[in-house]
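Have a look at the structure below before the remarks.
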2 protein chains.
Amino acid sequence: MKDTYQFTKANVDETCDAVYDYILAYVNANGYAPSVREIGRGVGLKSTSTVYGHLKRLVSQNRIEMTEGKRRAIRLVDESELTEAAHDEIPLLGTVTAGVPILATENIEAMLKLPQETYASTEDMFALRVRGDSMVDAAILDGDIVLVRKQSTADSGEIILALLEDEATVKTLIRNDDGRCHLQAENAAYADIPFESEDCKILGVVCGLLRFRV
Amino acid sequence: MKDTYQFTKANVDETCDAVYDYILAYVNANGYAPSVREIGRGVGLKSTSTVYGHLKRLVSQNRIEMTEGKRRAIRLVDESELTEAAHDEIPLLGTVTAGVPILATENIEAMLKLPQETYASTEDMFALRVRGDSMVDAAILDGDIVLVRKQSTADSGEIILALLEDEATVKTLIRNDDGRCHLQAENAAYADIPFESEDCKILGVVCGLLRFRV
DNA sequence: GATTAAAGCGAACACACGCTCTTTATTATT
DNA sequence: AATAATAAAGAGCGTGTGTTCGCTTTAATC
């Protein structure tokens, strides 16, 4: 009868997820939950009843809780999804010296919360577990987690994360007098590794370390 | 004129703090902020305008933020006060080898957030910044932060925090064959320290390490 | 005792917002 | 093509709730 109706019927689950995601983003941005109308506006639903239906679905899925009658009384069941500390968190990407191109796979094992204000920016940082004893004289032990700042250059003497033929490794970068470089393990038992920039690459600089023992 | 009035005039700051604490507790309990009337009921104020006044004061103190017109639109500026991560946080108490009885003063410099689920319990843990190079061979450098689990006994070979005549220090505990103990620095330049239990005490065992460099 | 400012009370207004009911369009089923 | 089920629209009621205003009490100052 009316041609004001002009919507394509969407999949429930997808719309429901969209509602949930909007709530999540809204809480992160504002610190409190959105109203039903705000959610509708945010996900492109014009009727409050439609949104309300989705909310009730989310409740029955146990993803949110609502208190009847109260305004904006939405609580997220899984509050850990709040990015509350989106900064100050860096991803743990795996273990060094495993023969995989780590940064490519972006296989996030976990997010590490760092103490606030330790670093000015943690945006281009990530963490890696270290396997092996090649850096013990630099006080990096087997099993330690190193914090790495992503960058493609480094000074002589800095401990870097280097890529050698698809294999990542932590070593000290030494610039020789003849202009060439080599990688130096901090353990007398290991030999230096020539660093030829063809298949070698600086992935970042080690700027921190975490060690957790029982 | 009326004898219905029956209140004792309280200090503003105290009442203000009470309002803030109530909001904090409410958000922790419910996941969303309380209404003005709920706050009043919670802290014992009968008029919404009184509560509203305190809220405006909290806003001007930059402890909360409010969006005008919206319901329950209170955001806590310092969201870290939410108990959500009350565990997994340990206090940084100071620097070792400063000649003060550290644990007694309980001088908390900062709270360190540890990655979740690293330790079963962080209840009896604290952190200390290490000064000196006496433990470099155990991969503990000057400036590192050690994580210590409070306990009064330790096995031979464990790295402990010991109290020597009002001075705290990090060393390896060695139990000799004759039943006596000594403290051993992990640096050839330092001599062993006899450990006589009269004025020596085990404060805890080192169970982790953080290193942050620029 | 008079004055003044701070803290609180109580009522009232206005509207944001939860929630329901009915209608319409879309998709699937027979 | 007819029927049923689903997703959304749209209007609307009731009320929870922010916000203001004016008045009272308390406590400090003069």
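Below, read A as the first sequence line, B as the second, and so on, with proteins coming before strands; counting in each chain starts at 1. Side chains are part of it too, since the values below use all heavy atoms of this structure and drop only hydrogens, waters and symmetry mates.
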* Per A/Lys46 side chain, nearest of listed nucleotides D/dA9, D/dG18, D/dT19 -> D/dA9

* Taking atom C1' of C/dG8 as reference, at what distance in whole Å does atom CZ of B/Arg41 sit? -> 17 Å

* Can a donor-acceptor pair under 3.5 Å be found between the side-chain atoms of A/Ser49 and the base atoms of C/dC19? -> no

* Asked: Can A/Lys70 and B/Ser35 be counted as having a side-chain donor-acceptor contact under 3.5 angstrom?
  -> no

* Asked: Could you state the NE2-C1' distance from B/His54 to D/dT19, rounded to the nearest angstrom?
  -> 16 Å

* For A/Ala18, check side chain to side chain contact (heavy atoms under 4.5 Å, CB included) against everything at least two apart and list the hits. => A/Val43

* Distance under 6.0 Å and angle within 45° of ring axis: A/Arg72 vs A/Tyr32 -> no

* Under 4.0 angstrom, heavy atoms only, what part of the nucleic acid is A/Thr15 near: base, sugar-phosphate, or nothing? -> sugar-phosphate

* Give a yes or no on whether a donor-acceptor pair under 3.5 Å exists between the nucleobase atoms of C/dG8, that is its base, and the side chain of B/Ser47. => no

* With B/Ile64, which of B/Val19, B/Leu24, B/Leu55 fulfils side chain to side chain contact (heavy atoms under 4.5 Å, CB included)? -> B/Leu55

* Asked: What nucleic acid atoms does B/Thr50 come within less than 4.0 Å of, heavy atoms only: base, sugar-phosphate, or nothing?
  -> base

* Indicate, yes or no, whether a donor-acceptor pair under 3.5 Å links the base of C/dC15 to the side chain of B/Arg71. => yes

* **Among D/dA9, C/dG18, D/dG12, the nucleotide that comes nearest once only the side chain of A/Leu45 is considered** => D/dA9

* Mind checking B/Glu68 for me? I need base, sugar-phosphate or nothing, with any heavy atom below 4.0 Å counting as a touch. => sugar-phosphate

* Structure fact -> Quick note, B/Tyr52 side chain, CB onward, closest among C/dG10, D/dT19, C/dC19 is D/dT19

* **Separation of C/dA16 C1' from A/Lys70 NZ (nearest whole Å)** => 17 Å

* Asked: Hey, are A/Asp142 and A/Arg211 close enough for a salt bridge, meaning a charged N less than 4.0 Å from a carboxylate O?
  -> no

* Asked: Whole Å only: how far is the CD atom of A/Glu38 from the C1' atom of C/dC19?
  -> 17 Å

* Examine D/dG16: is either OP1 or OP2 under 4.0 Å from a nitrogen or oxygen in the side chain of B/Arg37? Give yes or no. => no

* To do: Would you mind telling me which of D/dG18, C/dC17, C/dC19 lies closest to the side-chain atoms of A/Met66?
  => C/dC19

